[in-house]
Amino acid sequence: MDSEKPRNFIQQIIERDLSAGVVTQIVTRFPPEPNGYLHIGHAKSICLNFGLAEQYGGACHLRFDDTNPEAESEEFVNAIIEDVRWLGFAWHGPVRYASDYFEQLHAWALHLIEAGKAYVCELTAEQIRDYRGTLTEPGRPSPYRDRPVAESLALFEAMRAGEVEEGCMALRARIDMASPNINLRDPVLYRVKRVAHHRSGTRWNIYPSYDYAHGQEDAIEGVTHSICTLEFEDHRPLYDWLIDNLPVPSRPRQYEFGRLNLNYTVTSKRKLRQLVAEGDVDGWDDPRLPTLAGLRRRGVSPAAIRAFCDSLAVAKTDGVVDMAQFEHFIRADLNESAPRALCVLRPLRLRLTNWPAAEIQTLRLPNHPQRPQLGERELAFGAALYIDRDDFSTDTSLSRKRFKRLVLGDWVRLRGAYVIRAEDVVRDAAGEVVEVLARIEPDTLGADPPAGIRPRGVIHWVDAGTAVDCEVRLYDRLFAEPDPEAAGDFRQALNPESLQVRQGCKAESTLAGAVPGAALQFEREGYFCRDPRAGERLVFNRTIALRDTWARQGGEG
RNA sequence: UGGGGCGUCGCCAAGCGGCCAAGGCAGCGGGUUUUGAUCCCGCCAUUCGGAGGUUCGAGUCCUCCCGCCCCAGCCA
């Protein structure tokens, strides 16, 4: 796409294939197993596969690798389809399923048996493991390895017919028990699973293994470049062996790239499933999870995810990307798109003593400081306001540089409104400040104050008379450790402060009608969106805080 | 003392034998600013896991060594 950007190794291969005429049009595929929700790691693969197809005028298929009915379900199928759509990609043709090819896959299994290249083995799983040998010792041939073709054919039929117990028989490829590559030591092609499949129902009692199915699915679909992650590198010889030994209609090639790893989180379906199952999070769409559903609920846009994924290297190194890099793209996107609003998270009453109690002025504030095209909104402004407790201090010794907010006796600007000066406070019985009494400086709306009055800074506010109450959920990283799995149980590394719920927050009136999921910036606080799952209740999820150089450098608040 | 991969700035990474080793993130310094945001400017690897070697010339080629990741599911 970007002519400046250097081509990654897969693009180089594709360009070479295209110019050499090896292929005239490329076909890629995104092949999720419907056994969990998609996460940010899958997004990289999705962007890569769909991106390549788009870039080279090819096609990308969405194909479910549903060869293991025990772990898979329609719920996951639907969630995955929704997530891919949400990311903004359109697959070529219908949604495809490995299960659509079960009949063909079975016919080809017969072909292998007849060619003496596969046999039914009656070793148990444990025995197979034992016969397989180890990393340093070769395996031994199964006693069933040389059984007559007819016998294998009959047994395989019995397996299919449901006449065989699970675990008693398997169809194995006949390759090389002494291969240094363990994947070639007569891998299992079909296993007996007498369970219903979410799509094929009870039609099958045997299901193909990933290794047997995947390449053939690719060949059936005419996939030219089958892109997967590094851990499948060892499987490529098997992938090729099957393609070479079967009358498949096309010749796909497998290429492997390094998957995305992010620090301070986990991107493994097993671990995500565990977090959901153990109740450590709210569900697959918990905003703290790196699942696409979670990111969506958190307020991260598809554009931000795509920009992030496009910034990642497609290479054979497997590194760990800093969460800060992802956060950078989230902020960059939100800064551009999010309309601004005012919301006070820790309300403290402020009364303007020189403003007529009954007078309400209507102020117009821009929705975006740099993008006037996003329009303006009207906000009521009266004598009773709310400001954030963190934006006020009675400590008059605080320097202007250290505390650019409201201090008793000093001036501050109310964002989009007037300059005020704090005159006094009202305390409760416990001595706690419950209200600030302030005077407004006239003629400072949209104008600089007279010489001699230098506001310390700008703080946000909300008109008490029209404010709406809301709940705000402040999310932080799910894990307190960069590498959660470093010290044993990753759940030990969970960040106990990953979710802070603030009740009784005061939002500007326009926020009452906030559209669920739509990005917003609460000025000086961060990016938020109304929680789509909270119904009528006004609940905002913090997508991400604003970059805060001050706090990072040891400042407070 | 099995096989397959990978090692370039704190993180990601470009580099495909010939100007001073791209870029992004993070960080640091400064400017603008009615968000301590954004934006802008500047700084940030005499060195490419290590040691030898080939070459007029090597991060790029060769040799050896070191380190890290993956593989012994009838998971994908």
Side-chain angles (χ1 to χ4, degrees), chain A residues 4-6 8 12 31-33 35 65 67-68 70-71 121 123-125 128-130 132-139 166-172 179-185 187-193 206-207 209-211 213-214 228-237 256 258 260 263 269-270 311-313 315-329 331-332 335-336 340 342 365 368-370 401 403-405 412-419 444 446-448 455 457-460 482 521-526 545-553 555 557:
Chain A
E4 315 283 298
K5 206 175 168 187
N8 64 51
Q12 293 180 23
E33 182 191 12
N35 67 344
D65 224 338
T67 57
N68 183 8
E70 281 165 326
C121 178
L123 253 24
T124 63
I128 285 184
R129 189 185 317 131
D130 184 47
R132 185 155 34 219
T134 68
L135 295 179
T136 52
E137 303 156 26
E166 287 187 21
C168 298
M169 282 185 206
L171 181 72
R172 294 227 260 163
S179 172
N181 181 344
I182 291 182
N183 295 117
L184 261 21
R185 319 239 267 229
V188 169
L189 267 24
Y190 265 93
R191 66 290 216 207
V192 175
K193 276 184 192 289
I206 53 174
Y207 293 93
S209 64
Y210 163 86
D211 280 317
H214 204 90
C228 62
T229 44
L230 257 25
E231 68 270 27
F232 291 102
E233 220 150 10
D234 288 344
H235 295 242
R236 192 173 59 227
E256 313 84 14
L260 166 65
N263 59 18
K269 275 199 233 176
R270 198 208 102 227
S311 82
L312 299 170
K316 303 199 72 144
T317 42
D318 71 52
V320 180
V321 174
D322 199 320
M323 183 60 86
Q325 190 163 330
F326 184 29
E327 293 174 340
H328 163 78
F329 284 95
R331 288 197 182 95
N335 178 51
E336 279 295 307
R340 300 317 81 144
L342 303 179
L365 273 74
H368 191 112
Q370 281 86 227
K401 184 153 174 58
F403 195 74
K404 300 166 77 164
R405 310 176 190 189
V412 81
R413 164 139 242 147
L414 293 178
R415 176 67 162 166
Y418 298 86
V419 170
T444 54
D448 287 334
V458 181
I459 65 172
H460 59 288
Q521 184 197 97
F522 289 172
E523 295 204 47
R524 301 211 310 132
E525 291 289 357
L546 251 30
R547 192 157 168 274
D548 190 350
T549 317
W550 174 241
R552 209 174 342 103
Q553 291 174 346

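Not measured: the values here are computed from a predicted model. The figures here come from the full heavy-atom set of this structure, side chains too, leaving out hydrogens, waters and symmetry mates. In what follows, chains carry the letters A, B, and so on, assigned in the order in which the sequence lines appear, proteins first and then strands, with residues in each chain numbered from 1.
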At under 4.0 Å between heavy atoms, what does A:Val320 touch on the DNA or RNA strands: base, sugar-phosphate, or nothing?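 If one applies the 4.0 Å heavy-atom cut-off, A:Val320 turns out to touch the sugar-phosphate alone, with no base involved.
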Would you classify A:Gln370 as touching base, sugar-phosphate or nothing, given that sugar-phosphate means primed atoms plus P, OP1 and OP2, and contacts are heavy atoms under 4.0 Å?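 Base, at least one base atom sits under 4.0 Å.
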Which pairs pass salt bridge (charged side-chain N to carboxylate O under 4.0 Å, His left out) with one or both residues in residues 317-327 of chain A, sequence neighbours excluded?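 Sorted pair list: A:Glu327-A:Arg477.
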Report, as a single string ordered 5' to 3', how protein heavy atoms within less than 4.0 Å touch nucleotides 28-33 of chain B: B base, S sugar-phosphate only, - not at all. SS----
Indicate for each nucleotide in nucleotides 5-10 of chain B, in 5' to 3' sequence, whether protein heavy atoms under 4.0 Å reach the base (B), only the sugar-phosphate (S), or nothing (-). SSS---
Would you say whether A:Tyr210 stacks on B:rA76? The test is a distance between ring centres of less than 5.5 Å and an angle between planes of less than 30°.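 The ring of A:Tyr210 is not stacked on B:rA76.
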Is a donor-acceptor pair below 3.5 Å formed from side chain [X] to base [N], judging by atom type as modelled?
{"X": "A:Asn181", "N": "B:rG4", "value": "no"}
{"X": "A:Arg340", "N": "B:rU35", "value": "yes"}
{"X": "A:Glu336", "N": "B:rU38", "value": "no"}

Can a side chain N or O of A:Arg191 be found less than 4.0 Å away from OP1 or OP2 on B:rA76?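 Yes.
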Please confirm whether the shortest side-chain N or O distance from A:Thr67 to OP1 or OP2 of B:rA76 is below 4.0 Å.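 A:Thr67 to B:rA76 OP1/OP2: side-chain N or O found under 4.0 Å.
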In whole Å, I'd like the distance from the CD1 atom of A:Ile182 to the P atom of B:rG73.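 From A:Ile182 CD1 to B:rG73 P: 8 Å.
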From CG of A:Asp211 over to C1' of B:rG4, roughly how many Å is that when rounded to an integer?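 The distance from CG of A:Asp211 to C1' of B:rG4 comes to 15 Å, rounded to the nearest Å.
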A:Asp234, nearest nucleotide to its side chain (from B:rU38, B:rC74, B:rC70):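 From the listed options, B:rC70 comes nearest.
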Out of B:rA14, B:rC25, B:rA72, whichever nucleotide has its closest atom nearest the side chain of A:Ala324: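 Closest nucleotide among those given: B:rC25.
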Taking any strand in view, what nucleotide pairs with B:rG73 in a Watson-Crick or G-U wobble way, both distances under 3.5 Å?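 For B:rG73, the partner nucleotide comes out as none, under the 3.5 Å rule.
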Hunt down the Watson-Crick or G-U wobble partner of B:rU54, both distances under 3.5 Å, from any strand shown, or write none.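 Answer to the pairing question: none, since B:rU54 forms no Watson-Crick or G-U pair.
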For A:Phe232, side chain to side chain contact (heavy atoms under 4.5 Å, CB included) partners two or more places apart: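 Only A:Tyr210, A:Cys228, A:Thr229, A:His235, A:Gln254 meet the side chain to side chain contact (heavy atoms under 4.5 Å, CB included) criterion with A:Phe232.
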Run the side chain to side chain contact (heavy atoms under 4.5 Å, CB included) test against A:Leu184 and tell me which residues pass, sequence neighbours left out.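 With neighbours one apart ignored, the set is A:Ile175, A:Ser179, A:Asn181, A:Pro237, A:Leu238.
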Determine the Euclidean distance between corresponding P atoms of B:rG18 and B:rC62; express it in Å to zero decimal places.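 Roughly 16 Å separates the two P atoms.
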Not counting sequence neighbours, which residues clear ring-ring contact (aromatic ring centres under 6.0 Å, His included) with A:Phe326? List them please.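 Per chain and number, A:Phe326 pairs via ring-ring contact (aromatic ring centres under 6.0 Å, His included) with A:Phe308.
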